[in-house]
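Below: the structure, in structure tokens.
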Amino acid sequence: MIRAEKYTADQMTPKERKQATEEKSSIDRLPVIPFIGEITGELTGTTTDEYWHDAKKMAMSEIAAFNRLGHDELSCGPNTIGISEGLGAEICYPKEGMPYFSGRFLTDYKMLDQMEPLRTDSERMKFFREAGEQIRDAADGIVDVCPSIGGPFTIAANLRGCEYFLRDCRKEPEMVHRLLRIVTDSMKNAIDMISGYADGFRMADPVASPALISPKYFREFAFPYLKELMEYGFQKIGQRPSLHICGNTYKVWGYFREMPIRAISLDNIMDLAKAKEELGHQMILMGNIDPVGIILQGTKSELQQEIRREAGIAKDSEKGYIMASGCDVPYQTDWKKLDIWMDEVRKLTL
């Protein structure tokens with residue numbers, strides 16, 4: 001098993017950089033977290049299917065990506081995919097490309113009578129524990145490992161089918177809450193599992209976007225479960241989570257302020273300057289380079305210009321700034337683009 005190595009062009013390891021940021025000391029460069037997952041398999045000859053089912057290959061791919069880029073955080077599942085699958089959803093894992101859901105699992109709410117929260121000793125959870133422990137062992141002392149546990153509203157929507165679930169928020173709210181309780185308890189069990197090797201944790205709840213639900217529904221169906229999980233994770237892991245919700249989230253920023261969020265990951269359509277003004281005093285800002293228009297399709301010059309532009313806006317945000325992609329980096333992305341990203345950040349003057 002390969003081990004994580006300090007990037008030779010950096011004066012600090014990611015762990016040292018994070019500690020210095022928290023202590024408000026000087027750092028060598030801006031922290032960077034590109035949201036990459038199964039695309040790391042390209043560096044080790046690992047297919048998407050293998051990445052999600054072979055713990056050693058998942059760990060090797062994540063470490064290989066770190067040793068190439070030197071970015072500031074590693075992650076793994078169980079995330080939305082793993083928890084949904086553990087609860088019964090059918091997931092398709094192609095050789096190349098992102099995993100996707102194959103139809104809806106919960107066709108009748110009577111099925112809830114037979115559903116129980118996902119156990120940490122299930123075969124799917126054992127896989128993620130094995131992968132996470134291997135990544136931690138290879139990265140320990142160099143870079144944090146922060147597994148993703150997904151988001152309760154999104155996992156529930158995937159189990160029920162998004163269109164049906166959004167309709168049910170209006171027509172069958174009691175059943176929606178019942179499903180969300182099973183999902184939330186499953187995610188709590190996932191937190192218990194990762195607490196043995198995680199330095200922190202990530203949450204992502206894209207279906208809870210104001211593009212899909214109103215602030216009223218966010219308050220009723222998303223906010224309480226997110227907050228409960230964040231508080232539980234903080235108690236178990238000792239670190240508040242990062243949170244990503246897709247789209248324009250401005251209408252629910254008030255709820256963000258009520259949650260114990262360490263870092264808010266902003267979609268690329270969001271105004272970074274506005275986030276700095278309204279959220280930056282309370283949480284770290286993450287974002288928000290366009291993963292498609294800039295990282296995948298943009299020229300080298302366009303990528304470099306966007307890096308400089310965003311750094312100029314947010315590098316002095318009160319609670320800190322982590323440069324990140326506005327969402328997952330597309331599977332087809334040329335790794336040279338990620339090299340350019342990291343190289344350009346290392347040239348910036350703080």
Decide yes or no for Ile91 and Tyr100: does some side-chain heavy atom of the first lie under 4.5 Å from some side-chain heavy atom of the second?
-> no

Can you check whether Pro210 reaches Asn248 side chain to side chain, under 4.5 Å on heavy atoms?
-> no

List the atom pairs, with distances to 0.1 Å, where a side-chain N or O of residues 34-44 and a protein N or O form a donor-acceptor pair under 3.5 Å, not counting sequence neighbours.
unit_1, atom_1, unit_2, atom_2, d
Glu38, OE1, Trp52, NE1, 2.8
Thr40, OG1, Gly37, O, 2.7
Thr44, OG1, Gly41, O, 3.4
Thr44, OG1, Thr46, OG1, 2.8
Thr44, OG1, Ser61, OG, 2.7

List for me each residue that meets salt bridge (charged side-chain N to carboxylate O under 4.0 Å, His left out) alongside Asp72, sequence neighbours excluded, and say none if there are none.
-> Arg17, Arg29

So, does Asp290 use its side chain to make a donor-acceptor pair with the main chain of Asn268 at under 3.5 Å?
-> no

Atom pair CD/CD1 of Glu302 and Ile289 - distance to nearest 0.5 Å = 12.5 Å

Rounded to the nearest 0.5 angstrom, the CD1-CG distance for Ile245 and Asp267 is 11.0 Å

Distance-only donor-acceptor pairs under 3.5 Å for side chains of residues 104-112, two or more places apart:
unit_1, atom_1, unit_2, atom_2, d
Arg104, NH1, Arg160, O, 3.4
Asp108, OD1, Lys110, N, 2.8
Tyr109, OH, Asp168, OD2, 2.7

Looking at residues at least two apart in the chain, or sitting in another chain, which of them share a salt bridge (charged side-chain N to carboxylate O under 4.0 Å, His left out) with Arg309?
-> Glu306

Heavy-atom check, side chain of Tyr225 versus side chain of Val183, under 4.5 Å | no

Among all residues two or more places apart in sequence or in another chain, which pass the salt bridge (charged side-chain N to carboxylate O under 4.0 Å, His left out) test with Glu16?
-> none

Taking the side chain from Asn79 and the backbone from Ile81, do they hold a donor-acceptor pair closer than 3.5 Å?
-> yes

Yes or no on side-chain contact (heavy atoms from CB on, under 4.5 Å) for Ile307 and Met323, after CA distance, side-chain angles and deciding distance?
-> CA-CA 8 Å; Ile307 289 166; Met323 186 171 287; 3.8 Å; yes

Distance only, no hydrogens: is a donor on one side chain within 3.5 Å (strictly under) of an acceptor on the other, for Tyr164 and Glu172?
-> no

Do Asn189 and Thr120 meet the criterion of a side-chain donor-acceptor pair at a distance under 3.5 Å?
-> no

So is Arg346 actually on top of Tyr7's ring, under 6.0 Å and inside 45° of the axis?
-> yes

Can you tell me if Tyr51 and Glu62 form a side-chain donor-acceptor pair at under 3.5 Å?
-> yes

Does Lys315 make a cation-pi contact with Tyr321 (under 6.0 Å, within 45 degrees of the axis)?
-> no

Counting only heavy atoms not in Lys15, do more than 12 fall under 6.0 Å of its NZ?
-> yes

Carboxylate-amine/guanidinium proximity below 4.0 Å for Lys18 and Glu73 = no

Is the number of heavy atoms from other residues, nucleotides or ligands under 6.0 Å of Glu116 CD greater than 12?
-> no

Starting from the C-alpha separation in whole Å, work towards a yes-or-no answer on side-chain contact (heavy atoms from CB on, under 4.5 Å) for Gln134 and Met60.
-> CA-CA 9 Å; Gln134 289 189 29; Met60 288 181 63; over 6 Å; no

Are any side-chain N or O atoms of Ser186 and backbone N or O atoms of Leu118, one a donor and one an acceptor, separated by less than 3.5 Å?
-> yes

Below 4.5 Å, heavy atoms only, C-beta onward: do Glu50 and Lys57 meet side chain to side chain?
-> yes

Got Arg240 and Met230 here, is their nearest side-chain heavy-atom distance under 4.5 Å?
-> no

Does atom CZ of Arg119 have more than 12 heavy-atom neighbours from other groups under 6.0 Å away?
-> no

Single-linkage hydrophobic cluster, 4.5 Å side-chain cutoff, Phe128 and Met98 together | yes

Compare all side-chain heavy atoms of Asp185 with those of Arg181 and state whether any distance is below 4.5 angstrom.
-> yes

Are Tyr197 and Ile2 in one and the same hydrophobic cluster, where Ile, Leu, Val, Met, Phe, Trp and Tyr link if side-chain heavy atoms are under 4.5 Å apart?
-> no

How far does OG of Ser75 sit from CZ of Phe201, to the nearest 0.5 angstrom?
-> 12.0 Å

Between Arg178 and Asp113, is the closest basic N to carboxylate O distance under 4.0 Å?
-> yes

Inter-residue atom distance Ile295.CD1 - Thr333.OG1, 0.5 Å rounding = 7.0 Å

Between CG on residue Asp192 and OH on residue Tyr232, distance to nearest 0.5 Å | 3.5 Å

Mind checking whether Leu87 and Val207 sit in one hydrophobic cluster, side chains of I, L, V, M, F, W, Y counted as touching below 4.5 Å?
-> yes

Within 6.0 Å of CD in Gln11, more than 12 heavy atoms from elsewhere | no

What's the shortest heavy-atom distance between Met12 and Ser26, and which atoms?
-> CE-O, 3.4 Å

Shortest non-hydrogen contact from Ala131 toward Met58 | CB-SD, 3.6 Å

What pair of heavy atoms forms the shortest contact from Pro94 to Thr48, and how long is it?
-> O-CB, 3.0 Å

Give the minimum heavy-atom separation between Met286 and Ser242, together with the two atoms involved.
-> SD-CB, 4.0 Å

Nearest atoms (heavy-atom pairs only) where Gly326 meets His244 = O-CE1, 3.0 Å

So, does Asn158 use its side chain to make a donor-acceptor pair with the main chain of Ala89 at under 3.5 Å?
-> no

Salt-bridged, Lys126 to Glu123, with N to O below 4.0 Å?
-> yes

Quick one: closest heavy-atom pair of Lys337 and Leu303, and the distance?
-> O-CD2, 3.4 Å

Going from OG on Ser265 to CD1 on Ile33, what distance comes out if it is rounded to the nearest 0.5 angstrom?
-> 9.0 Å

Donor-acceptor under 3.5 Å (Arg124 side chain, Gly82 main chain) | no

Ion pair Lys276/Asp316, N-O distance below 4.0 Å | yes

Residues Ile191, Ile149; criterion side-chain contact (heavy atoms from CB on, under 4.5 Å); working and verdict | CA-CA 8 Å; Ile191 289 171; Ile149 62 167; 3.8 Å; yes

Taking the side chain as C-beta and beyond, is there a heavy-atom pair between Phe223 and Lys227 under 4.5 Å?
-> yes

Where do Met203 and Met187 land on the side-chain contact (heavy atoms from CB on, under 4.5 Å) test, with the steps shown first?
-> CA-CA 10 Å; Met203 298 185 70; Met187 295 174 71; 4.1 Å; yes

Please report, to 0.1 Å, the donor-acceptor pairs under 3.5 Å made by any side chain of residues 215-222, with sequence neighbours excluded.
unit_1, atom_1, unit_2, atom_2, d
Arg219, NH1, Glu258, OE1, 3.3
Arg219, NH1, Glu258, OE2, 3.4
Glu220, OE2, His177, NE2, 3.3

Gln235-Glu231 side chain donor-acceptor pair, cut-off 3.5 Å | no

Find out whether Pro14 and Phe66 are in side-chain contact, i.e. whether some heavy atom of one side chain is under 4.5 Å from a heavy atom of the other.
-> yes

Do NZ/NE/NH1/NH2 and the carboxylate oxygens of Glu278 and Arg257 come within less than 4.0 Å?
-> yes

